[in-house]
4 protein chains.
Amino acid sequence: MATRDPGRQETGGARAQRADARTNRIRILEAADEVFGKGGESASTEEVARLAAVGIATVFRHFPTKTALLEAVLARRFQRLHEEAEASIASADPATAFFDFFRHLVLDAPAKIAITEALLDAGGGENEDDEVTRASQRLRASVGTLLQRAQRVGSVRSDTALPEVYALLVGASRAAAHVRLDTQARDRMLAIVFDGLTVQRSGTARR
Amino acid sequence: MATRDPGRQETGGARAQRADARTNRIRILEAADEVFGKGGESASTEEVARLAAVGIATVFRHFPTKTALLEAVLARRFQRLHEEAEASIASADPATAFFDFFRHLVLDAPAKIAITEALLDAGGGENEDDEVTRASQRLRASVGTLLQRAQRVGSVRSDTALPEVYALLVGASRAAAHVRLDTQARDRMLAIVFDGLTVQRSGTARR
Amino acid sequence: MATRDPGRQETGGARAQRADARTNRIRILEAADEVFGKGGESASTEEVARLAAVGIATVFRHFPTKTALLEAVLARRFQRLHEEAEASIASADPATAFFDFFRHLVLDAPAKIAITEALLDAGGGENEDDEVTRASQRLRASVGTLLQRAQRVGSVRSDTALPEVYALLVGASRAAAHVRLDTQARDRMLAIVFDGLTVQRSGTARR
Amino acid sequence: MATRDPGRQETGGARAQRADARTNRIRILEAADEVFGKGGESASTEEVARLAAVGIATVFRHFPTKTALLEAVLARRFQRLHEEAEASIASADPATAFFDFFRHLVLDAPAKIAITEALLDAGGGENEDDEVTRASQRLRASVGTLLQRAQRVGSVRSDTALPEVYALLVGASRAAAHVRLDTQARDRMLAIVFDGLTVQRSGTARR
DNA sequence: AATGAATGAGAATTCATTCAT
DNA sequence: AATGAATGAATTCTCATTCAT
């Protein structure tokens, strides 16, 4: 199904083939992202192959097990979020950067449910040394940077740390993804969290 | 396979047959709660049977499909939370009732991951008329009552409504269940949310 | 579910019970006749119990296996047809008796598909010595008598014998039961068979 | 499990993969024909796989449901009979063609019980638009042609039509398949039917 | 490197039959 | 004698993974 034009191999055979393979790899990853995004991890690998328009064996050539494929999808998602966070860090003032990234994640969550599913399961103190974990930790580190900078300029209360902020980010995203919220309710939810992140003194009487 | 332990009969022969069935039903539900709690809905019914120490057919006699079993488990969870919420309403002052129930849910979440999974997926505007939905809506209604009472006494800001509060409840629970948080981080997370729920004016400059 | 009034046992305990049992036996047989008639032998025994309004265990008490139940149903059907055939023999002139019985079976077949199913499978040279076989052979014998008498008065050609006549009877019934035939076509089918049974010399040129 | 006998490749390597699949498909169909022929539709798909010497999943790859497999078997049977009928039409004089085809079906029936089972259930006024129905109707149409031609040359009485003739064909076949008939009885049965089909005036006095 | 066919290990579900009351 | 619960074996179908081309 993939172009296997023999003529192309004449000049730089191996390279041509690899380009082909790389194309397929990406097609498969994108298909997998969509399929697992919709059907959860219990969606079938065959479905991925179909959407990617490659044979099932090709999927397994690129990713030796279904788990490997899932991990690659996750790692890619983490990587992207990490890059977005890094872009935020580079481009904007600390407060805007932090809150915008937070809001961005929450707003996008319903469209990419599975992303936040992934975020959840690969959050904090991992131990495995695989690509997913590393990508997840890169993202976490970026969020840490965003947080620190916002705290340094006084836009986020100083008596809070990354673990709970990350947890809130994850939780709010998942909530937005699963619970049906209209635009205004979602904004109000964010307002609550943002207010809570801004307030200086922790609540008094309520317990 | 079922423990036909004669010792069990000691409490009174007459209650036997029917009681046995009821016992099994509960054993199955509890096994299912645990199995689906850990493995998600994709865990196998056979596993449930094994844990409940009954034959597979017994599971299907009590719950004609896997879906029915899942729904029974969910409904039971919702019902319990609903009862806890109602107890809160009855027993405590509005502010304590609301915040304690919120905290209670979040603290228990890690131990009962699957509960919050369930909360997530069966949250808001349902349409089906099954037992799960009704149980879910009863819980939601209880939370609504808790919220209103806390607002009436001024312990929760008045410019917020059930949808986002419920979403936050769900989100915080899930976050606590999945992301590894130590006790202090968890408390700080709650502090942020509670502060956000307490503040009267929605934040100004940050956006 | 069946009346288990202990008071009734006082006068002639055993007898009373048996009457109960006999009633149930018949209810079960009738239910089985209907259930297997519609769903074929692959219909479930539980369905029979439900229709008979007895517990499943009661069915198995009366008929130790599903096969036994099936056989009892069959035997009963054969027995009834046998009785009808015998009644024909007793009451009518030989020609009418034979052709009417033939037609009667064919006309009734669509309503009682399963009867003819049974007829088919238990036709000729049986060897087992069970009740079904004996009942089947009684029916066959009756048809034999009907045939001989019709032949003796010259209404059926003399160069034909029971096996093929019985086969035709069975075949025509099954055809009428399964193939959708309107009334006229059914009559024409019978006319063909009856003409064939009447003609004296077997066809000449056709081959 | 599949006979991956290398010897089979001798005819030409290139045709391999696809050809293997086609071979398997046919093997499965033939196995299914036999298995369902003997055990009826309630025979198990696993049995078919075993007889075809392929894995169970291979059966389901070729025929996605058991029903699909059954239909394929039926369609194939109808198609073959249709082709035989067409061959008759092409090759022989009308009377011989008609009566030979009729006899042929009846003689073969005992060897292929299930064929006549199929004939029975998929005979006349169908409504579904699947392959089985179409194949069945092609056969029926062929028999219609055979009949008309035989009528046109006066070998079959003119006051009869396809429905009852088809029903007789089916009925005689089923009878021959199930009721144990020796050769002579079978011939006499055919003689009766053929005589009935030949006679011009429908019977007088008998009723 | 890519493909589609093949495969066995489950998974849900049904059923005849047995047990305890 | 009657009942309903319990059971394991069987059945249809799915899926990740391997093979041969």
Side-chain angles (χ1 to χ4, degrees), chain A residues 1-4 9 14 16-18 20-21 24 42-47 49 54-62 64-67 69, chain B residues 1-2 4 9 13-22 24-25 42-47 49 54-62 64-67 69, chain C residues 1-4 9 14 16-18 20-21 24 42-47 49 54-62 64-67 69, chain D residues 1-2 4 6 9 13-22 24-25 42-47 49 54-62 64-67:
Chain A
M1 217 158 243
T3 359
R4 211 172 329 149
Q9 299 199 7
Q17 284 292 96
R18 269 193 203 143
D20 225 46
N24 271 346
S42 72
S44 90
T45 314
E46 197 111 25
E47 177 70 19
V54 301
I56 180 67
T58 303
V59 176
F60 276 90
R61 166 171 289 273
H62 284 282
T65 66
K66 186 187 186 179
T67 300
L69 175 56
Chain B
M1 208 161 252
R4 286 255 192 64
Q9 301 194 6
R15 145 220 206 236
Q17 192 69 122
R18 231 60 182 245
D20 225 51
R22 229 173 296 141
N24 271 345
R25 187 170 215 277
S42 73
S44 93
T45 313
E46 195 116 23
E47 178 69 20
V54 300
I56 179 70
T58 302
V59 176
F60 278 91
R61 160 171 273 270
H62 285 281
T65 63
K66 184 187 186 179
T67 299
L69 175 56
Chain C
M1 215 156 246
T3 358
R4 215 180 318 159
Q9 300 199 6
Q17 283 293 97
R18 271 195 201 138
D20 224 48
N24 271 346
S42 73
S44 90
T45 314
E46 196 111 27
E47 177 70 18
V54 300
I56 179 68
T58 304
V59 175
F60 276 90
R61 167 171 290 273
H62 284 282
T65 65
K66 185 187 187 180
T67 300
L69 175 55
Chain D
M1 208 162 250
R4 281 254 194 67
Q9 301 195 5
R15 144 223 207 235
Q17 191 71 120
R18 230 62 183 241
D20 226 51
R22 229 173 294 142
N24 271 345
R25 185 169 215 278
S42 73
S44 92
T45 313
E46 196 116 23
E47 177 69 21
V54 299
I56 180 70
T58 302
V59 176
F60 279 92
R61 160 171 274 269
H62 284 281
T65 64
K66 186 186 184 178
T67 300

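Below, chain A is the first sequence line, B the second, and so on; all start at residue 1.
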Suppose we define a pair by two distances each less than 3.5 Å, Watson-Crick or G-U wobble; what does E:dT13 pair with here? F:dA10
Any strand: nucleotide that pairs with E:dA1 via Watson-Crick or wobble, under 3.5 Å: none
N/O (side chain, [X]) to phosphate O (OP1/OP2, [N]) under 4.0 Å:
{"X": "A:Asn24", "N": "E:dA1", "result": "no"}
{"X": "D:Arg61", "N": "E:dA5", "result": "yes"}
{"X": "D:His62", "N": "E:dA5", "result": "no"}
{"X": "C:Thr58", "N": "F:dT3", "result": "yes"}

Reported CG-to-NE2 distance for the pair D:Asn24 and D:His62, which is rounded to 0.5 angstrom: 5.0 Å
Give me the atom names and distance for the closest heavy-atom approach of B:Thr45 to B:Phe60. CG2-CE1, 3.6 Å
Closest heavy-atom contact between C:Ile56 and C:Ala49? CA-CB, 3.9 Å
Earlier contact from the 5' end, DNA chain E, for D:Arg25 and A:Val59: A:Val59
Where along nucleotides 12-18 of chain E does protein come under 4.0 Å, by heavy atom, of base (B) or sugar-phosphate alone (S), with - for untouched nucleotides? SBBBSBB
Provide, to the nearest angstrom, the distance between the CD atom belonging to B:Glu47 and the P atom belonging to E:dA11. 9 Å
